[in-house]
Enquirer: 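What follows is a single structure, and I will ask about it in a moment.
Residues take their numbers from the sequence shown, with the count starting at 1.
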Amino acid sequence: MVLRYTAPKGTRDVLPSEAEIWQQLEGLFHSLAELYGYREIRTPIFERTELFLRGLGEVTDIVQKEMFTFTDRGGRSLTLRPELPAGTVRAFLEHNLAEEGPVCKFRYFGPAFRQERPQAGRYQQFTQYGVECFGSRDPASDAEVIDLAMAFLERAGLAAVELRLNSIGCPICRPAYRSRLLAYLTARVGELCPLCRERMEKNPLRILDCKSPSCRAVVAAAPLTVEHLCPACAEHFAAVKDYLTSLGRSFILAPHLVRGLDYYTNTVFEVVAPGLGAQDAVIGGGRYDGLIETCGGPPTPGVGFAGGLERLLLALAAAGAGPREKRVPLVFLAPLGAAPKELAVRLAHEMRTTGLRVDLDYRSRSLKAQLREADRQGARVVVILGEDELARGKAALKWLDGGGQEEIDLSVLVAYLREKTCSE
Ligand SMILES: [Zn+2]
Ligand SMILES: [Zn+2]
């Protein structure tokens with residue numbers, strides 16, 4: 001019996017044909033975040049389980065149902081990271097990075113793991129990217145983070161996105177709001193979905209953004225966070241909106257947009273893309289002035305965003321968009337005979353060291369077969385090395401992009417090809 005292996009459910013292979021757009025998006029994210037002053041941090045893909053219990057809150061869906069948790073040989077509980085911010089906070093505290101300056105800005109990009117029911121654009125291993133700005137309470141930092149998120153999506157080729165913005169207040173104004181919300185919801189508890197009935201006690205704010213139609217009908221008339229902000233929170237929210245306007249970033253007020261955890265404060269936002277159905281957010285973020293304290297650090301304000309690369313790819317495909325393909329042109333060497341082949345092997349090495357992208361067919365086939373192979377690989381030019389040409393110190397170039405054929409001295413071949421293909 002032949003055993004056929006397949007990738008585990010909920011995972012995917014990124015094949016060479018797709019890897020290029022992954023590289024482009026990853027490169028774009030890093031270079032853009034660098035311009036905004038966010039430095040890269042890379043943390044382990046697993047952490048001690050307690051970190052996520054604290055950082056994500058024990059009542060969240062992620063912690064209750066979705067974590068890949070295992071026990072190591074020493075009996076310690078470890079978890080594959082379900083998101084990257086928790087590890088970033090842990091590293092920030094462990095290495096006292098706050099000593100480097102009053103404001104620390106990080107970016108991250110890497111795999112994360114959740115045991116979710118697989119659905120479009122959702123995988124059990126997915127790729128999360130995002131930024132964190134620790135140490136600034138200033139509303140200009142909220143605007144900077146949002147501006148970076150929007151700039152990234154724009155440059156990635158996703159033009160028709162919508163920025164949704166809300167404020168959920170702070171530990172001073174939220175308790176009073178929460179009681180009002182609870183009083184309202186208690187009167188209509190029978191109309192809520194089973195999950196939201198559970199949320200009533202631990203996490204009533206999450207009911208506001210429940211997608212179930214019956215809950216949506218209930219919350220349509222619920223009291224709103226923005227109507228119950230304390231003066232400081234109202235001022236912060238107004239300033240964020242002003243900054244965004246002055247940056248030319250339009251937004252839509254989304255009074256039902258919330259983050260469920262207590263450490264979230266003030267600004268919450270998401271960027272939604274058309275074509276993704278109910279799960280339409282490509283980036284989500286906000287301010288979380290209580291997070292670092294929750295994770296055992298000193299009180300430190302924070303604001304950031306995170307997104308999933310697979311969702312972004314889905315949105316780009318739905319929009320028929322994406323970063324422009326920009327590959328280094330391929331030079332294909334076609335030797336005919338034993339001596340030319342030996343030369344071709346050496347030439348390929350030399351050309352590659354100068355930055356040319358070079359390939360050749362080692363099967364010593366006919367010129368016709370080699371030209372066909374060059375065409376299949378999308379080569380720009382074929383360097384034909386025959387015994388005759390070699391004897392005269394020449395090579396024949398055949399330009400496959402319609403540039404005809406020419407003979408070039410072997411002594412200047414590499415320089416000539418560099419000039420013709422690398423100057424774009
Ligand atoms: Zn407040
Ligand atoms: Zn619900």
Side-chain angles (χ1 to χ4, degrees), residues 1-8 11-28 30-31 109-111 125 127 309-310 313 317 322-424:
M1 195 186 99
V2 180
L3 242 162
R4 279 181 66 90
Y5 294 106
T6 54
T11 66
R12 64 174 295 193
D13 299 308
V14 178
L15 301 176
S17 57
E18 307 162 276
E20 193 173 339
I21 188 168
W22 282 68
Q23 288 169 17
Q24 286 178 345
L25 291 172
E26 183 170 1
L28 175 64
H30 283 302
S31 57
F109 190 109
Q125 175 178 334
T127 309
L309 196 72
E310 290 79 359
L313 286 165
R324 234 163 38 96
E325 203 171 302
K326 192 173 169 289
R327 296 183 74 176
V328 183
L330 177 67
V331 176
F332 197 89
L333 303 185
L336 302 167
K341 181 176 174 185
E342 203 179 303
L343 174 67
V345 170
R346 268 187 291 118
L347 263 181
H349 167 80
E350 186 192 338
M351 289 175 167
R352 287 163 178 159
T353 59
T354 70
L356 285 165
R357 185 161 74 97
V358 182
D359 211 343
L360 60 163
D361 185 345
Y362 290 124
R363 286 174 293 176
S364 306
R365 296 190 297 166
S366 68
L367 178 60
K368 201 176 154 200
Q370 296 197 58
L371 286 174
R372 211 167 37 231
E373 178 60 18
D375 196 49
R376 192 189 66 79
Q377 293 197 25
R380 170 78 59 86
V381 59
V382 182
V383 180
I384 301 166
L385 301 162
E387 307 271 7
D388 286 2
E389 286 95 347
L390 238 64
R392 289 184 286 118
K394 305 264 188 191
L397 303 191
K398 186 174 167 57
W399 294 92
L400 297 188
D401 52 2
Q405 203 153 334
E406 60 187 320
E407 266 197 357
I408 292 291
D409 272 357
L410 280 171
S411 57
V412 297
L413 177 66
V414 177
Y416 183 72
L417 285 172
R418 272 193 60 80
E419 188 199 311
K420 292 282 259 189
T421 64
C422 295
S423 55
E424 295 158 10

Enquirer: Could I get the full list of side chain to side chain contact (heavy atoms under 4.5 Å, CB included) partners for Ser366, not counting sequence neighbours?
Expert: Lys368, Ala369

Enquirer: So, does Gln370 use its side chain to make a donor-acceptor pair with the main chain of Pro335 at under 3.5 Å?
Expert: yes

Enquirer: Give a yes or no on whether the backbone of Glu20 and the side-chain of Gln23 come within a donor-acceptor separation of less than 3.5 Å.
Expert: no

Enquirer: Val382 and Leu371: side chain to side chain contact (heavy atoms under 4.5 Å, CB included), yes or no, with the steps?
Expert: CA-CA 7 Å; Val382 182; Leu371 286 174; 3.9 Å; yes

Enquirer: Residues in salt bridge (Lys or Arg N to Asp or Glu O under 4.0 Å) with Glu373, at least two apart?
Expert: Arg376

Enquirer: Distance-only, no hydrogens or angles: does the Gln125 side chain make a donor-acceptor pair with backbone N or O of Pro111 under 3.5 Å?
Expert: no

Enquirer: Please list all pairs meeting salt bridge (Lys or Arg N to Asp or Glu O under 4.0 Å) that have one or both residues in residues 339-355, counting only residues at least two apart or in different chains.
Expert: none

Enquirer: Can you list the residues that meet the salt bridge (Lys or Arg N to Asp or Glu O under 4.0 Å) rule with Arg363, with sequence neighbours excluded?
Expert: Asp361

Enquirer: Kindly indicate, with the supporting measurements, whether the criterion side chain to side chain contact (heavy atoms under 4.5 Å, CB included) is fulfilled by Arg418 and Leu356.
Expert: CA-CA 7 Å; Arg418 272 193 60 80; Leu356 285 165; 3.9 Å; yes

Enquirer: Of all the heavy-atom pairs spanning Ala7 and Thr11, show the shortest one and how long it is.
Expert: CB-OG1, 3.5 Å

Enquirer: So Thr127 and Glu310, do their side chains get closer than 4.5 Å, heavy atoms only?
Expert: yes

Enquirer: Excluding sequence neighbours, so at least two apart, what forms side chain to side chain contact (heavy atoms under 4.5 Å, CB included) with Ala317?
Expert: none

Enquirer: Taking the side chain as every heavy atom from C-beta outward, state whether Phe332 and Arg357 have any atom pair closer than 4.5 Å.
Expert: no

Enquirer: Once you measure the plane-to-plane angle for Phe109 and His30, does it fall in the parallel (<30°), tilted (30-60°) or perpendicular (>60°) bin?
Expert: tilted

Enquirer: First locate atom CG of Leu333, then atom CG of Asp359, and finally report the distance between them rounded to the nearest 0.5 Å.
Expert: 8.5 Å

Enquirer: Using the test side chain to side chain donor-acceptor pair (under 3.5 Å), find all partners of Glu407 that sit at least two apart in sequence or belong to another chain.
Expert: Arg392

Enquirer: Do any pairs count as a salt bridge (Lys or Arg N to Asp or Glu O under 4.0 Å) and have a residue in residues 328-337, sequence neighbours left out, and if so which ones?
Expert: none

Enquirer: Between Leu397 and Leu413, does a side chain to side chain contact (heavy atoms under 4.5 Å, CB included) hold up when you go through it step by step?
Expert: CA-CA 9 Å; Leu397 303 191; Leu413 177 66; 3.8 Å; yes

Enquirer: Any side-chain heavy atom of Val383 within less than 4.5 Å of one from Ile408?
Expert: no

Enquirer: Using the side chain to side chain contact (heavy atoms under 4.5 Å, CB included) rule, take Leu347 and Val414 through it: C-alpha gap first, then chi angles, then the decisive distance, then the call.
Expert: CA-CA 8 Å; Leu347 263 181; Val414 177; 4.3 Å; yes

Enquirer: Could I get the full list of salt bridge (Lys or Arg N to Asp or Glu O under 4.0 Å) partners for Asp401, not counting sequence neighbours?
Expert: Arg380

Enquirer: With sequence neighbours excluded, tell me which residues meet side chain to side chain donor-acceptor pair (under 3.5 Å) with Lys394.
Expert: Asp409

Enquirer: So, for Val328 and Gly355, which heavy atoms are closest and what is the spacing to 0.1 Å?
Expert: CG1-O, 4.5 Å

Enquirer: So, for Ala396 and Gln405, which heavy atoms are closest and what is the spacing to 0.1 Å?
Expert: CB-NE2, 4.4 Å

Enquirer: Can you tell me how far the CG atom of Leu25 sits from the CG atom of Leu313, to the nearest 0.5 Å?
Expert: 5.5 Å

Enquirer: List for me each residue that meets side chain to side chain donor-acceptor pair (under 3.5 Å) alongside Arg12, sequence neighbours excluded, and say none if there are none.
Expert: Glu18

Enquirer: The criterion is side chain to side chain donor-acceptor pair (under 3.5 Å); which residues satisfy it with Asp375, sequence neighbours excluded?
Expert: none

Enquirer: Are Leu336 and Glu387 side-chain neighbours, meaning at least one heavy-atom pair lies under 4.5 Å?
Expert: no

Enquirer: According to side chain to side chain contact (heavy atoms under 4.5 Å, CB included), who are the partners of Ala415, at least two apart in sequence or on a separate chain?
Expert: none

Enquirer: Would you check if Val358 and Leu330 make a side-chain contact, meaning some heavy-atom pair closer than 4.5 Å?
Expert: no

Enquirer: So Leu417 and Thr354, do their side chains get closer than 4.5 Å, heavy atoms only?
Expert: no

